[in-house]
Protein chains: 2
Amino acid sequence: MEYSVHVRMNERLFLRDPDGSDLGRRIIRQSILLFDEVGFEDATFRKLAERMGTKEASIYRYFENKHRLLVYLVAWYWQWIDFQLVFRTNNLTDPHEKLERLLNLLLLKDLDQSMTDDLDLKALHSIVIRESSKAYLTHHVTEDNRQHLFKPYKDLCARIAGIILELRPDYPYARSLASSLIETIHYQTFFMQNLPSLTDFGPIPAGQHTHPGKLIGFVRHLLYASLGAPIHNQD
Amino acid sequence: MEYSVHVRMNERLFLRDPDGSDLGRRIIRQSILLFDEVGFEDATFRKLAERMGTKEASIYRYFENKHRLLVYLVAWYWQWIDFQLVFRTNNLTDPHEKLERLLNLLLLKDLDQSMTDDLDLKALHSIVIRESSKAYLTHHVTEDNRQHLFKPYKDLCARIAGIILELRPDYPYARSLASSLIETIHYQTFFMQNLPSLTDFGPIPAGQHTHPGKLIGFVRHLLYASLGAPIHNQD
DNA sequence: CATTAAAGATAGTAAAGCTATCGAATATAC
DNA sequence: GTATATTCGATAGCTTTACTATCTTTAATG
């Protein structure tokens, strides 16, 4: 028996719900591939339309502009991660165990592609690493925030902060540590792949998708050192 | 007696050296103000030219495009920080002391405006926080890196890693910790100001430039916890 | 069959991004 | 002091991006 988990998105993220039509779902699927291939700056609605065999105007019926589409993809990703976290830590009591599951999730380890139907999660993960900060590093971040466009990311951080507080109820920087954990994983991954001298992990051999494990070692060390706990070495 | 420290830049960062002419220096000074005011995406060479009372084409004689100008500003900033770090930690022996100076520097505390002549360091700092990751989060990062455009940032990280290793010669993640330190300060500052629920520090009251000190507390905790050292509380 | 919503098709505007050229001003060389 | 070269201002133009408008076709619904 198959379960399909539907991610319900904030209506301000789109003009027409892309999940409500075939064309809309193709926009999502193809935009992930396009953003991943050419990068956010070089992607245009025209190129996306051509690749989809449709017209620019059709895409504008779903999304105000390219930036909103990026925000949508990133929001979708964080809601997906948040759900996965809830699912995978359900019934666990040990916060250490929960944090381990979280790290594996953020590094997209042992991925079950069947749960995401038709869209390319690895490509989406690459987009999140390379482009997601552009979703909020704008001049209009306050306005976007007012419309709750970043709620999925904030919800996930709050959930992580909750786990941190289970482990150390008196830790005074739970939310900052949660957001730092996510961001650190992202740009260390990016640096490792593109500016490796900024890290202590070599670049990943081409074609290989799994991380050599040193990155997770660093993050684990950072996390548990901060929480004053012994390092939970599992790698 | 006044000393003017000249920052010598990599020649690939520009077409014509902006520091070699009056117009060039005005481009730098005004672009900092423009980027700070309207944000990188909404800034254009046309707007910059208008504000300077010159023409678009003149700016193109100095910089290939807007992105290269950003890379130049960011590179200048990191070279300046690196020099300041060398200067301020000169003759110090205690690595703890050096790291404290570094933190204050990265948070732009006790700034001596006289050392930067005519350009607005606080505005440049804001640009670095909000826009600097866009300098490398591109599809052409590898090509840019080949041209050594990010060398100042890498040099600074290497220097910080050196201090870390003075303190803990066996610490295995010195470079990653160095880059994480810088990046963490940046986006925690950004979050604090724009998405405060992602942090444990409230937003800074408008018009106030000094940080309430909680951010530095977090970063210090993260740093010294990682290095297994007692926390050096000075705030 | 009539209605209406979605999407295809075509067109067009405004701005951004960038290049080319020409002449005036100014500095430098001889 | 005249020749030469460099810099900058000024104008123009081209291509692409970003976005809007409108009209027709198609498909779904009652």
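Convention: sequence-line order gives letters A, B, ...; per-chain numbering from 1. All heavy atoms count here, side chains included; hydrogens, waters and symmetry mates do not.
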**Q.** Those residues of residues 11-24 of chain B lying under 4.0 Å from DNA chain D by at least one heavy atom
**A.** B:Arg16, B:Ser21, B:Leu23
Q: Mind calculating the distance between CD (B:Glu64) and C1' (C:dT19) to the nearest angstrom?
A: 13 Å
**Q.** Rounded distance in Å - OH (B:Tyr60) to P (D:dA12)
**A.** 19 Å
Q) Regarding A:Lys66 and the six-membered ring of A:Phe40, is the cationic atom NZ or CZ under 6.0 Å from the ring centre and inside 45° of its axis? A) yes
(Q) With ring pair (Phe, Tyr, Trp, His ring centres under 6.0 Å) as the rule and sequence neighbours excluded, what pairs involving residues 141-160 of chain A come up? (A) A:Trp78-A:Tyr153
Q.
Looking at A:Lys134, I'd like to know if its NZ atom is crowded, meaning that more than 12 non-hydrogen atoms belonging to other residues, nucleotides or ligands lie closer than 6.0 Å.
A. yes
Q) Once you round it to whole Å, what is the distance between C1' of C:dA20 and CD1 of B:Ile59? A) 17 Å
Q.
Contact list please: residues 32-47 of chain A against DNA chain D, heavy atoms, distance less than 4.0 Å, in numerical order.
A. A:Thr44, A:Arg46
Q | Rounded distance (Å) that lies between atom P of D:dC8 and atom CZ of B:Arg25 | A | 10 Å
(Q) Going by the rule side chain to side chain donor-acceptor pair (under 3.5 Å), which residues pair with B:Asp36 if we only count those two or more places apart in sequence or in a different chain? (A) none
Q) Roughly, in whole Å, what's the span from NZ in B:Lys55 to C1' in D:dG13? A) 15 Å
Q: Compare every heavy atom of A:Tyr77 with every heavy atom of A:His125, then report the nearest pair and how far apart it is.
A: CD2-OH, 3.0 Å
**Q.** nucleotides 22-30 of chain D: protein proximity per nucleotide (B base, S sugar-phosphate only, - neither; heavy atom, under 4.0 Å)
**A.** B--------
(Q) Using whole Å, what does the distance between atom C1' of nucleotide D:dA10 and atom CD of B:Glu50 come to? (A) 14 Å
Q: Would you tell me if any nitrogen or oxygen in the side chain of A:Thr54 comes within less than 4.0 Å of OP1 or OP2 on C:dG8?
A: yes
(Q) Reading DNA chain D from 5' onward, which residue's closest nucleotide shows up sooner: A:Asn65 or B:Gly53? (A) B:Gly53
Q. Is atom NZ of B:Lys151 surrounded by more than 12 heavy atoms (other residues, nucleotides or ligands) closer than 6.0 Å?
A. no
Q: With sequence neighbours excluded, tell me which residues meet ring-ring contact (aromatic ring centres under 6.0 Å, His included) with B:Phe14.
A: none
**Q.** Presence of donor-acceptor pair under 3.5 Å, side chain of B:Glu56 and base of C:dC18
**A.** yes
Q. How would you list, by chain and number, every residue that makes a salt bridge (charged side-chain N to carboxylate O under 4.0 Å, His left out) with B:Glu50, sequence neighbours excluded?
A. none
(Q) For A:Arg175, give me all partners under salt bridge (charged side-chain N to carboxylate O under 4.0 Å, His left out), at least two apart in sequence or on another chain. (A) B:Asp200
Q: Check the distance between C:dT19's P and B:Phe63's CZ and give it to me in whole angstrom.
A: 15 Å
Q. OP1 or OP2 of C:dA7 sitting under 4.0 Å from any side-chain N/O of A:Tyr62?
A. yes
Q) Taking all atoms of both residues into account, what is the closest heavy-atom pair of B:Met192 and B:Thr199, and its distance? A) N-CG2, 3.7 Å
Q. With B:His140, which residues qualify under ring-ring contact (aromatic ring centres under 6.0 Å, His included), at least two apart?
A. B:His67
Q. If we only count heavy atoms from C-beta on, is the B:Ile185 to B:Leu103 side-chain gap below 4.5 Å?
A. yes
Q. Taking only residues two or more places apart in sequence, or in another chain, which ones meet A:Asp19 in a side chain to side chain donor-acceptor pair (under 3.5 Å)?
A. A:His6
Pull out every protein N or O sitting under 3.5 Å from an N or O of nucleotides 26-28 of chain C, one pair per line with the distance.
none

(Q) Can you pull out every side chain to side chain donor-acceptor pair (under 3.5 Å) where at least one residue sits in residues 7-17 of chain B? Sequence neighbours excluded, please. (A) none
